[in-house]
Amino acid sequence: MSRKKIEIFDTTLRDGEQVPGCKLNKENKIILSEQLDLLGVDVIEAGFPVSSPGDFESVEAVAKTVKNAVVCGLTRANKKDIEVAAQALLHAKRPRIHTGIGTSDSHILHKFRSTPEAILERAVDAVKYAKSFVDDVEFYAEDAGRTSNEYLARVCEAVIKAGATVLNIPDTTGYCLSDEYGAKIKYLAENVKGIENVTLSVHCHNDLGLATANAIAGAINGARQIECTINGIGERAGNTSLEEVVMIMKQHPRLELYSDINTKMLNETSKMVQDKMGMFVQANKAIVGENAFAHSSGIHQDGIIKNRETYEIIDPNDVGVNQSSIILTARSGRAALAYRVKNIGYELTKDQLDMSYPVFLEYADAQREVVDNDLHQIMNKCSILQTATA
Ligand code: KIV
Ligand code: ZN
């Protein structure tokens with residue numbers, strides 16, 4: 001089996017930006033789109049142009065700015081949305097219109113008060129109309145996660161005939177289990193006529209904490225594009241996190257999947273998105289959280305100091321973090337204390353370590369974390385002099 005490239009479709013600027021409080025102005029969308037382009041994403045979903053004049057202008061500006069990636073605009077399945085998106089994407093080097101409609105019973109009956117046949121017709125019309133503006137048309141079957149596989153396959157086949165180039169199968173509500181979602185992608189890959197001529201795409205939400213696992217299950221079962229956001233931001237509990245799927249593919253060669261992402265830029269890109277959107281990730285967030293490479297218990301610290309791989313499966317340099325950090329708390333051992341004071345210029349003998357460790361524990365019991373400034377004080381109290389300047 002040969003390695004398969006997975007296209008990374010970044011929707012930080014669209015699905016990510018739908019989060020309350022994460023609204024981006026045009027300048028920030030331009031800055032982030034440049035960063036995403038440098039990061040190596042294949043597609044940037046820049047926004048939903050019909051939603052507001054501001055978003056139209058932002059998508060237009062991103063379309064003019066981006067040099068390498070495909071620039072995509074979201075639409076519903078109606079002419080006005082599609083015309084406005086086509087207009088916003090006019091200057092893109094590689095424009096894509098992303099159009100679609102809800103296909104689950106719930107969407108058909110309650111949202112559209114319609115029938116499966118009528119929805120199928122609207123899907124086909126939308127793709128044909130989008131195709132009259134651009135070659136690259138992605139179709140999304142909203143709530144595909146709760147759509148029957150048989151009906152979904154009929155819709156997919158019809159929109160392929162109408163000219164769709166990419167089929168997006170969103171688990172819009174984050175409901176699917178990973179085996180179920182993987183099986184859905186496999187079913188489509190095996191049962192839709194013409195599927196070999198288009199790209200199957202996965203778009204997963206995180207309502208049950210399964211967005212990353214489901215996206216990977218989709219890729220294992222035939223999807224060749226993953227839709228995701230930096231830091232996993234997005235509607236409600238968020239989307240598949242870009243940094244997580246990219247690092248899963250990198251750390252697990254047996255999957256034989258890869259992306260073109262420059263992983264060394266993940267940390268700075270995450271920080272940039274946090275800063276521009278004012279939405280900060282939790283300390284224990286995989287890959288980009290403050291504690292992702294921090295070790296605080298004595299047993300772990302001892303292991304890490306002896307050999308990083310004892311407790312780390314990712315080299316922090318691979319994601320743009322300078323080094324693992326050894327955090328000093330009351331759970332830290334002598335090895336960690338010796339390591340940290342060495343970093344600031346104190347090479348301790350065994351006796352000096354024995355003498356300073358109880359003093360360190362007094363500090364550690366009194367506060368959450370012992371920092372470099374405290375270490376200087378501890379050394380001073382124990383009359384230990386710096387052997388080298390840090
Ligand atoms: O979650 C979803 O279904 C979406 C579509 C609009 C692609 O974001
Ligand atoms: Zn979504």
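The first residue of the sequence shown is numbered 1, and numbering continues consecutively from there. Everything numeric here is computed off the predicted structure, so don't read it as measured data. Indexing begins at 1, ligand by ligand and atom by atom, following the structure's order.
Note on the Zn ion (ligand 2): protein N, O or S atoms under 2.8 Å away count 3, no waters included.
In this structure, Leu257 CG and Lys4 NZ are separated by 8.0 Å, a value rounded to the nearest 0.5 Å. Atom CD1 of residue Ile233 and atom CD of residue Glu17 lie 9.0 Å apart, to the nearest 0.5 angstrom.
The option with the heavy atom closest to atom 1 (O) of ligand 1, from among His205, Arg76, Glu138, is His205.
Here's the thing with Glu142: none of its N/O atoms is less than 3.5 angstrom from an N/O atom of ligand 1. Here's the thing with His98: none of its N/O atoms is less than 3.5 angstrom from an N/O atom of ligand 1. The shortest N or O to N or O distance between Asp15 and ligand 1 is under 3.5 Å. Between Tyr140 and ligand 1, no N or O atom pair is found at a separation short of 3.5 Å.
Within 6.0 Å of the OH atom in Tyr187, the count of heavy atoms belonging to other residues, nucleotides or ligands exceeds 12.
Applying the salt bridge (Lys or Arg N to Asp or Glu O under 4.0 Å) definition to pairs two or more places apart or across chains, none involves residues 268-283. Sorted by first then second residue, the salt bridge (Lys or Arg N to Asp or Glu O under 4.0 Å) pairs that include residues 182-194, not counting sequence neighbours, are Lys186-Glu190.
Near Pro170, meaning under 4.0 Å from one of its heavy atoms, ligand 1 places the atoms 2 (C), 3 (O). Residue Asn168 approaches ligand 1 through these ligand atoms, each under 4.0 Å from one of its heavy atoms: 7 (C). Within the listing of ligand 1, atoms 1 (O), 2 (C), 3 (O) sit less than 4.0 angstrom from a heavy atom of Thr172. Within the listing of ligand 1, atoms 4 (C), 5 (C), 6 (C), 7 (C), 8 (O) sit less than 4.0 angstrom from a heavy atom of Arg14.
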Could you list the donor-acceptor pairs under 3.5 angstrom formed between side-chain atoms of residues 282-294 and any protein atom two or more places apart in sequence or on another chain?
from	atom 1	to	atom 2	distance (Å)
Lys285	NZ	Ser241	OG	3.3
Lys285	NZ	Glu243	OE2	3.0
Lys285	NZ	Glu244	OE2	2.5

Inset, instruction - Might you work through the salt bridge (charged side-chain N to carboxylate O under 4.0 Å, His left out) test for Asp354 and Arg334, ending with a clear yes or no? - result: CA-CA 8 Å; Asp354 287 344; Arg334 283 156 202 261; 2.6 Å; yes
Inset, instruction - Please lay out, stage by stage, how Val359 and Cys382 fare under the test side-chain contact (heavy atoms from CB on, under 4.5 Å). - result: CA-CA 8 Å; Val359 184; Cys382 300; 3.7 Å; yes
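Note on Asp37 versus Lys67: no salt bridge recorded, every NZ/NE/NH1/NH2 to OD/OE distance being 4.0 Å or above.
Counting heavy atoms under 4.0 Å from ligand 1, residue His203 touches it through the side chain alone.
Counting only distance, with no hydrogens or angles, the side chain of His205 and the backbone of Gly238 share a donor-acceptor pair below 3.5 Å.
Using modelled atom types, one finds no donor on one side chain facing an acceptor on the other under 3.5 Å when comparing Thr199 with Glu7.
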